[in-house]
Amino acid sequence: MDSTQHLHLIYIILAAAVATFLTRIGGYVMITRMKRIPPRMEAALNAVPAAVLSTLVAPAFVYGGWDVAASMIVAFFVGLRFSSLWMLLAGWLVVMAIRNIGM
């Protein structure tokens, strides 16, 4: 990479940092100025964790290979019945077993 490409990359990173900061501070300012949060906004805010989790898990499930998909399925069913620690342990054990057995 030459120096102009490095400078261009630095500008892109700085622009992304400023956009992220303004988005976060804008949301904070908007929420703090409200006397009460409208029900529709509260419902939208409650949906954010599920949307973020889906965004993180779906690509790994689809493109991570069948060992990752199998471990996620097992972890899901274990998570329905037991705590998060057992869910993580079950998923880890399944993916490690599949990778080490060489299926």
Side-chain angles (χ1 to χ4, degrees):
M1 284 186 145
D2 62 351
S3 61
T4 57
Q5 287 178 328
H6 284 292
L7 191 58
H8 185 67
L9 186 59
I10 290 171
Y11 287 148
I12 290 173
I13 292 170
L14 288 175
V18 168
T20 301
F21 175 76
L22 291 176
T23 302
R24 290 180 181 214
I25 199 71
Y28 174 76
V29 169
M30 185 179 76
I31 293 286
T32 56
R33 293 186 184 231
M34 294 180 166
K35 292 189 184 347
R36 121 183 188 347
I37 298 175
R40 290 185 69 140
M41 183 181 284
E42 187 174 350
L45 290 172
N46 288 336
V48 169
V52 170
L53 184 62
S54 300
T55 305
L56 295 173
V57 171
F61 185 82
V62 173
Y63 299 112
W66 73 275
D67 55 341
V68 174
S71 69
M72 286 184 178
I73 292 169
V74 169
F76 172 75
F77 285 112
V78 170
L80 291 175
R81 183 81 175 140
F82 300 103
S83 69
S84 297
L85 179 63
W86 291 110
M87 177 186 69
L88 292 171
L89 183 63
W92 178 78
L93 285 172
V94 168
V95 80
M96 287 297 113
I98 290 173
R99 288 179 180 176
N100 287 320
I101 291 173
M103 293 180 160

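Counting begins at 1 with the first residue of the sequence. Every value quoted in this text rests on a predicted model; they were computed, and no experiment measured them.
Both Val95 and Trp66 are part of a single hydrophobic cluster, where members link through side-chain heavy atoms under 4.5 Å apart. Under the 4.5 Å side-chain contact rule for hydrophobic residues, Leu14 and Leu9 do not share a cluster. Following chains of ILVMFWY side-chain contacts shorter than 4.5 Å, one cannot reach Ile12 starting from Leu7, and the two form parts of different hydrophobic clusters. In terms of hydrophobic clustering, with Ile, Leu, Val, Met, Phe, Trp and Tyr side chains grouped at heavy-atom distances under 4.5 Å, Leu53 and Met72 are assigned to a common cluster. Under the 4.5 Å side-chain heavy-atom criterion for Ile, Leu, Val, Met, Phe, Trp and Tyr, Leu56 and Val48 are members of the same hydrophobic cluster.
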**Q.** Leu85 vs Leu89, side chain to side chain contact (heavy atoms under 4.5 Å, CB included): CA-CA, chis, key distance, verdict
**A.** CA-CA 6 Å; Leu85 179 63; Leu89 183 63; 5.6 Å; no
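The line from CD of Glu42 to CZ of Arg36 is 9.0 Å long, rounded to the nearest 0.5 Å. Rounding to the nearest 0.5 Å gives a distance of 13.0 Å between OG1 of Thr20 and CD1 of Ile25. Arg81 CZ to Phe76 CZ: the interatomic distance, rounded to the nearest 0.5 Å, is 14.5 Å. Between the CD1 atom of Ile13 and the NE2 atom of His8 there is a distance of 10.5 Å, given to the nearest 0.5 Å. With rounding to the nearest 0.5 Å, the separation of CG in Leu88 from CG in Leu93 is 11.0 Å.
Ile98 and Asp67 get closest at one heavy-atom pair: CG2-CB, 3.5 Å. The two residues Gly91 and Ala75 have their closest heavy-atom pair at CA-CB, 4.1 Å. Closest approach of Val68 and Ala60 over heavy atoms only: CG1-O, 3.7 Å. Considering all non-hydrogen atoms of both residues, Thr55 and Pro59 come closest at O-CD, 3.1 Å. Of all non-hydrogen atoms in Ala90 and Val74, the two that sit nearest each other are CB-CG1, 4.2 Å.
The shortest side-chain heavy-atom distance between Phe77 and Leu80 falls under the 4.5 Å cut-off.
Applying the side-chain hydrogen bond (donor to acceptor under 3.5 Å, both in side chains) test to pairs two or more places apart or on separate chains, none has a residue in residues 83-93.
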